[in-house]
Amino acid sequence: MRIVVCAKQIPDPATPYKLEADTHWLVRPAEQVLDDTDRYGVEMGLQLAQNSDGGVTIVSMGPAGSMQGLRQALAMGAEKAVIIDDPTLRGSDALATARVLAAAIAREGFDLVIAGTESTDGYSGVVPQMVAEILDVPALTYATEVKAAEGKITIHRQTSTGYEVVEGSLPALVTVTAGVVEPRYPTFKGIMEAKKKPVDNLALADLSVEATTDQKVTSISDAPARSGGAKIEDDGAAHEKIIELLAQKKVI
Amino acid sequence: MSQDFLDLDALLSDEEKLLRQTVRQFTEERILPEVAEWWEQGTFPHEIARDMGKLGLLGMHLEGYGCAGTSATAYGLACLELEAGDSGTRSFVSVQGSLAMFPIWKFGSEEQKQDWLPRMAAGEVIGCFGLTEPDSGSDPSSMRTTARRDGSDWILDGTKMWITNGNVADLAIIWARTEGGIRGFIVPTDSPGFTANEIHHKASLRASITSELVLEGVRVPDEFALPGVSSMRGPLSCLSEARFGILFGVMGAARACYEASLTYAKEREQFGAPIASFQLTQQKLVDMMVIVNRGTLLAMHLGRMKDDGRLSPEQVSFGKLDNVRNALEVARSARSVLGANGITLEYPVIRHMTNLETVYTYEGTNEIHTLILGQAITGIPAFKPPST
């Protein structure tokens with residue numbers, strides 16, 4: 001099975017994010033890390049590939065930088081990475097991103113595309129579905145379990161009350177939730193071999209696709225500061241008040 | 001990152017950075033959530049060795065025999081990240097890789113290497129290192145443990161002390177006096193006459209197993225003797241390997257203390273302001289930051305020298321001496337920034353602080369490294385009282 005995993009390099013979430021003043025685009029340092037949610041997609045891909053002939057190709061759009069994030073995916077065991085790094089794609093919206101990714105995925109050929117549910121730096125949460133639409137394959141989303149064999153894919157789709165069992169035919173696209181599988185750590189041998197693995201660094205001109213961005217962020221504002229909250233003095237019955245409060249909020 | 005004030009990351013290859021990030025992630029996910037509890041209980045779950053083996057941590061800078069074969073600098077960085085978790089975790093990896101695997105790799109026969117190293121690299125077989133004795137610490141050549149020939153076998157007698165991993169090890173590298181000089185032996189710990197007694201009541205390095213090893217007429221075949229060395233050069237070269245990991249490692253412990261105190265100082269308010277706004281606190285924070293960056297720079301420099309094959313044991317002593325004492329200073333200073341909270345295991349600082357007291361003493365005491373450097377610059381050995 002030929003598996004393509006969509007992955008994204010993002011600024012280290014442990015560092016504060018900055019936005020450019022005029023464009024409101026995220027400032028991206030040369031050194032970016034693999035989006036943590038993509039570790040699950042890569043692991044899922046590796047496990048499915050292990051059970052069938054074929055390997056995992058990583059497809060990513062954005063500034064290549066030091067490639068540290070994609071190297072991590074290669075060190076985990078992916079065979080190849082394709083990165084579309086083009087200055088004209090800066091500030092792309094979800095649809096433009098999906099068009100570019102879909103073109104690159106089609107160029108590779110695939111039986112299954114795997115993506116996280118949403119990126120940790122952008123959070124639009126719609127790119128995978130758009131990619132599926134452009135590629136004209138079914139999108140099976142929010143998977144907590146994935147099985148794929150003999151032209152068929154079956155997932156458990158997470159819902160607020162449980163899960164649905166959803167079936168589709170391959171080729172298809174699936175989005176996986178964090179926790180669908182336990183991502184492996186890259187081994188030291190894998191890290192040292194990752195350097196020798198092929199990486200296609202593409203410009204927009206290498207893909208015959210139009211990718212104009214129509215969406216514009218007009219203004220940004222800080223999230224409202226948290227208000228003081230409620231203080232409960234413990235006079236011996238504080239626990240009852242807390243339980244009552246939690247019940248009101250329908251947490252328990 | 002705030003702690004990389006000098007942009008030392010620029011000195012590392014992408015591969016080294018990825019490897020370091022992997023160990024950092026492993027430490028954050030597998031060690032840090034539980035280590036305070038291990039420390040309090042005085043245990044170390046050695047089953048984690050297999051996960052470390054999968055990663056490639058064990059004997060990582062050795063070539064062949066299932067080892068990852070990384071650069072020495074990468075090994076140092078891994079030690080740094082592990083010790084940012086706990087000195088006990090780093091000690092486990094140091095002992096397995098530098099003290100148990102290294103002598104087999106360096107002085108062992110081809111059969112011994114094939115037989116033991118792949119299983120040790122995978123974490124299936126755990127090793128320990130028996131050099132120190134109850135009455136033979138800084139002066140290891142005064143050891144009393146002996147190995148004598150009995151037909152084609154060897155019979156070992158003696159007691160080894162302060163042996164990390166002793167009670168969880170499958171094999172011990174035992175250094176013993178023979179008619180032909182100091183020799184090393186691979187001793188399976190289930191050999192008749194071999195006993196390991198765990199040392200309890202430690203107030204330092206509690207998330208690490210420390211043991212006394214007693215050998216009473218332990219018989220091993222000649223194939224278990226390491227053929228490659230018959231002098232103190234054997235154990236001392238192992239120690240030099242381990243000390244190299246320590247001079248990196250302690251900067252991880254220091255970094256963890258510095259970061260904890262920086263976060264605390266910005267949040268903790270007294271006299272109506274965060275204590276980070278007081279000059280006395282700023283001085284402590286700056287001193288800590290300077291030490292962490294300077295010590296890490298020193299470690300990376302020594303790492304590059306080792307990668308070039310031109311690092312001398314005296315230069316390793318320089319690093320072990322200076323980085324450990326400075327890390328201890330950072331830990332104590334960080335403890336004072338945290339005030340009363342600094343004495344609880346809710347924060348990592350006092351755990352690191354008391355751990356570092358062990359690191360200050362083991363693998364060559366601070367005093368012995370001072371004398372090694374004293375001899376290096378004066379040409380005069382001062383290890384013995386002048387009268388003797």
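Labels below follow one simple rule: chain letters A, B, ... track the order of the sequence lines, proteins then strands, and each chain is numbered from 1.
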Q: Assess whether atom CD of B/Q114 is packed by more than 12 heavy atoms of other residues, nucleotides or ligands within 6.0 Å.
A: yes
(Q) Is it the case that atom OH in A/Y17 sees more than 12 heavy atoms from other parts of the structure closer than 6.0 Å? (A) yes
Q: Report the distance from atom OG1 of B/T22 to atom CD of A/Q72, rounding to the nearest 0.5 Å.
A: 6.0 Å
Q) Which of residues 51-63 of chain B have a heavy atom under 4.5 Å from any heavy atom of chain A? A) B/K54, B/L55, B/G56, B/L57, B/M60
Q.
Check this for me: A/K195, atom NZ, are more than 12 non-hydrogen atoms of other residues, nucleotides or ligands nearer than 6.0 Å?
A. no
Q | Full working for side chain to side chain contact (heavy atoms under 4.5 Å, CB included) between B/R30 and A/Y185 | A | CA-CA 11 Å; B/R30 302 296 309 279; A/Y185 297 102; 3.4 Å; yes
Q. Out of curiosity, B/Q25 CD to A/D36 CG, how far, rounded to the nearest 0.5 Å?
A. 6.0 Å
(Q) Taking every non-hydrogen pair under 4.5 Å, which of A/G190, A/A14, A/G69, A/P186 racks up the most with chain B? (A) A/P186
Q) Is the CD atom of B/E110 crowded by more than 12 outside heavy atoms at less than 6.0 Å? A) yes
Q: State which residues pass side-chain contact (heavy atoms from CB on, under 4.5 Å) with A/E145; sequence neighbours excluded, sorted by chain then number.
A: A/K147, A/H156
(Q) If you count every heavy atom of other residues, nucleotides or ligands that lies below 6.0 Å from A/K197 atom NZ, does the total exceed 12? (A) yes
Q.
Is it the case that atom CG in A/D222 sees more than 12 heavy atoms from other parts of the structure closer than 6.0 Å?
A. no
Q: May I ask you to say whether B/E16 pairs ionically with A/R71, meaning some side-chain N is under 4.0 Å from a carboxylate O?
A: no
Q | Close side-chain approach of B/E15 and A/Q68, heavy atoms under 4.5 Å | A | no
(Q) Please determine whether salt bridge (Lys or Arg N to Asp or Glu O under 4.0 Å) holds for the pair A/R39 and B/E29, giving the CA-CA distance in whole Å, both sets of side-chain angles, and the decisive distance to 0.1 Å. (A) CA-CA 14 Å; A/R39 287 168 71 206; B/E29 292 172 357; 3.4 Å; yes
Q.
To the closest 0.5 Å, what do you measure between NZ (B/K17) and CD1 (A/I191)?
A. 13.5 Å
**Q.** Which residues share a side-chain hydrogen bond (donor to acceptor under 3.5 Å, both in side chains) with A/T37, sequence neighbours left out
**A.** A/D35
Q: Tabulate, in ascending numerical order, the residues of residues 65-88 of chain B having at least one heavy atom closer than 4.5 Å to a heavy atom of chain A, or enter 'none'.
A: B/G66, B/C67, B/A68, B/G69, B/T70
